[in-house]
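Here is the structure we will look at.
Order of the sequence lines fixes the chain letters, A, B, ..., with proteins taken first and strands second; residue numbering starts at 1 for each chain.
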Protein chains: 2
Amino acid sequence: MGKKSKLNDLACFQVYTLHHAFGRYYQAAFAESGLTYAKYIILKALATQSQMSLSELSQGVGVEPNTISPLAKKMATYGVIERVRDAEDERRIVLRLTEYGIQVLKAADEVVAENFADLGISDNDAKQAIALISRIRSAVEKAKPSRLNLPQAPPNVQDGLPD
Amino acid sequence: MGKKSKLNDLACFQVYTLHHAFGRYYQAAFAESGLTYAKYIILKALATQSQMSLSELSQGVGVEPNTISPLAKKMATYGVIERVRDAEDERRIVLRLTEYGIQVLKAADEVVAENFADLGISDNDAKQAIALISRIRSAVEKAKPSRLNLPQAPPNVQDGLPD
DNA sequence: TTGGATTATTTCGTATGCGAAGTTTTTGGT
DNA sequence: ACCAAAAACTTCGCATACGAAATAATCCAA
């Protein structure tokens, strides 16, 4: 048995699973609408400020800028966000919710809030989880990955099905 | 402003972000080794029982069987798991860690446990998070998604950059 | 000022995940 | 026993994510 780490267990069995459970819920709820989990999160993040650069948004959402870039482009063509170059600094892209985007976000928020209302998770539970997870995330972002060295591979057994 | 739901906030801002923070950590730690976050989780899940069918594994990992299927195939060619048809029921695939798989898992566990050791998250913190998240996951899996209907799209403004 | 860093964004290749649809094997009702 | 329904996997098309590398705009130090 390898060394034990409760934080590792948390990551592999709880956070991973919960993330995908949420993902399946949002995917089902937004099906056919063109909205997705990722795009919904972007809308929510953009709603916290009047405008944001692409990298500020990526910080807010917690993913890399190259993940946001194509999504923002698509969302602009859908009309939910405005996407323009910053006149002050032509490298920057400035993003902002459109009036339509605000309406879409509102409609989505309503549906989700309704679906999540009677699941037995109180606001206090959720708040506690928010505080705890927030702390854990800060910690994990500080982790310095050391390279894994794998043991010698075995004499290629290939014990299995042809395909 | 749409209706508020703390559980929705938890999903969109905390769980989503923490999942990706963990993902980036494991990706960096396992870089070059051929191991990935998803494959590592599969190894850990398989270590909990002497053997498992593909669908039992998918249940244990918390994703759909069609996600596990190609991963299991690849992992068998890497020699970390054994993958054979169940003689009792030829529809089933039986999966089991190989000796090499056990070694790989052990090596990975060591590295992660070491990297996660001094981040300021106690085992008690992690345990508390495990209990709380476990409860939340059960609840979310019960949520019945109702279809989102988007408001009328605006007269296609397309106010943006050419590309 | 001017040319090499630095910063912001984009593009590219790879790896997951999901639902839907297809294939093979087992089950069950008659 | 026989065939339709169910169950277990697999395949397919689409949508994220990431790191690495490319591109474009700014900064800055000699």
Side-chain angles (χ1 to χ4, degrees), chain A residues 16-42 52-59 61-76 78 83-95 145 160-163, chain B residues 16-42 52-59 61-76 78 83-95 145 160-163:
Chain A
Y16 180 90
T17 301
L18 179 57
H19 170 74
H20 290 301
F22 273 129
R24 286 189 297 271
Y25 163 77
Y26 288 102
Q27 185 170 342
F30 298 159
E32 316 283 322
S33 75
L35 191 59
T36 63
Y37 188 17
K39 296 193 185 83
Y40 174 56
I41 289 174
I42 288 175
M52 253 182 266
S53 75
L54 191 141
S55 44
E56 286 168 343
L57 177 60
S58 85
Q59 281 284 316
V61 170
V63 297
E64 297 298 315
N66 60 356
T67 296
I68 300 291
S69 177
L71 288 175
K73 212 176 280 187
K74 246 180 284 180
M75 291 171 75
Y78 291 165
R83 173 177 169 275
V84 293
R85 290 271 167 202
D86 185 344
E88 303 292 306
D89 182 342
E90 291 284 341
R91 291 173 304 181
R92 289 169 179 268
I93 297 278
V94 176
L95 304 170
L161 305 179
D163 194 76
Chain B
Y16 181 90
T17 300
L18 178 57
H19 170 75
H20 290 301
F22 273 128
R24 286 188 298 270
Y25 163 77
Y26 289 102
Q27 185 170 344
F30 299 158
E32 313 284 323
S33 75
L35 191 60
T36 62
Y37 188 17
K39 296 193 186 80
Y40 174 56
I41 289 175
I42 288 175
M52 250 182 268
S53 74
L54 192 142
S55 45
E56 286 167 344
L57 177 60
S58 86
Q59 281 285 314
V61 171
V63 297
E64 297 298 314
N66 61 355
T67 295
I68 301 291
S69 177
L71 288 175
K73 211 176 283 187
K74 246 180 285 182
M75 291 172 75
Y78 291 165
R83 173 175 170 276
V84 294
R85 289 270 167 204
D86 185 344
E88 303 292 305
D89 183 340
E90 292 285 343
R91 289 172 304 181
R92 287 169 180 265
I93 297 276
V94 176
L95 303 169
L161 306 178
D163 196 76

Report summary line: Heavy atoms of B/L95 and B/L54 approach each other most closely as CD1-CA, 4.0 Å
**Report entry** Spacing of B/R83 atom CZ relative to D/dA8 atom C1', expressed in whole Å
**Finding:** 12 Å
Query raised in the report: Taking only residues two or more places apart in sequence, or in another chain, which ones meet B/D89 in a salt bridge (charged side-chain N to carboxylate O under 4.0 Å, His left out)?
Result: B/R91, B/R92
**Report entry** Contact check, side chains of A/R85 and A/I93, non-hydrogen atoms, under 4.5 Å
**Finding:** yes
Query raised in the report: Can you check the B/E88 CD to C/dT27 C1' distance for me, whole Å?
Result: 16 Å
Report task. For B/K73, check salt bridge (charged side-chain N to carboxylate O under 4.0 Å, His left out) against everything at least two apart and list the hits. Result -> A/D163
Report summary line: Minimal heavy-atom distance between B/Y40 and B/L35, with the atoms involved, is N-CD1, 3.9 Å
**Report entry** d(CG, B/L57; C1', C/dG17) in whole Å
**Finding:** 14 Å
Query raised in the report: How long is the line joining CZ of B/R85 and C1' of C/dT23, in whole Å?
Result: 10 Å
Query raised in the report: For B/Q59, does the CD atom have more than 12 heavy-atom neighbours from other residues, nucleotides or ligands under 6.0 Å away?
Result: no
Query raised in the report: On DNA chain C, nearest-nucleotide positions of A/S53 versus B/D86: which is more 5'?
Result: A/S53
Query raised in the report: Are any of the side-chain heavy atoms of A/R83 and A/M75 separated by less than 4.5 Å?
Result: no
Query - Residue-level proximity of residues 30-42 of chain B to DNA chain C when a heavy atom falls under 4.0 Å - result: B/T36, B/A38, B/K39
Query raised in the report: How long is the gap from OG1 on A/T36 to CG on A/L71, to the nearest 0.5 Å?
Result: 6.5 Å
**Report entry** Non-hydrogen side-chain atoms of B/Y37 and B/F22 separated by less than 4.5 Å
**Finding:** yes
Report summary line: Shortest non-hydrogen pair, A/P145 vs B/Y25, comes out as CA-CE1, 3.6 Å
Report task. Output the single nucleotide from D/dT26, D/dA8, C/dT25 whose closest atom is nearest the side chain of B/S55. Result -> D/dA8
Requested in this report: Could you check how far CD of A/E90 sits from P of C/dT9, rounded to whole Å?
Outcome: 12 Å
Query - Residues in contact with DNA chain C, drawn from residues 62-75 of chain B - heavy-atom cutoff 4.0 Å - result: B/V63, B/E64, B/N66, B/T67, B/L71
Query raised in the report: Atom CD1 of B/I93 to atom C1' of D/dC9: distance rounded to whole Å?
Result: 7 Å
Query raised in the report: Can you name the nearest heavy-atom pair linking B/S58 to B/I68, along with the distance?
Result: CB-CG1, 3.7 Å
Report summary line: Minimal heavy-atom distance between A/G62 and B/T17, with the atoms involved, is CA-CG2, 4.0 Å
Interface polar pairs with nucleotides 4-7 of chain D, N/O, under 3.5 angstrom:
residue : atom : partner : partner atom : Å
D/dA7   : O4'  : B/R91   : NH1          : 3.3
D/dA7   : N3   : B/R91   : NH1          : 3.3

Query raised in the report: Is any side-chain heavy atom of A/Y78 less than 4.5 Å from a side-chain heavy atom of A/K39?
Result: yes
Report summary line: Numerically ordered, the residues 19-29 of chain A set in heavy-atom contact under 4.0 Å with DNA chain D is none
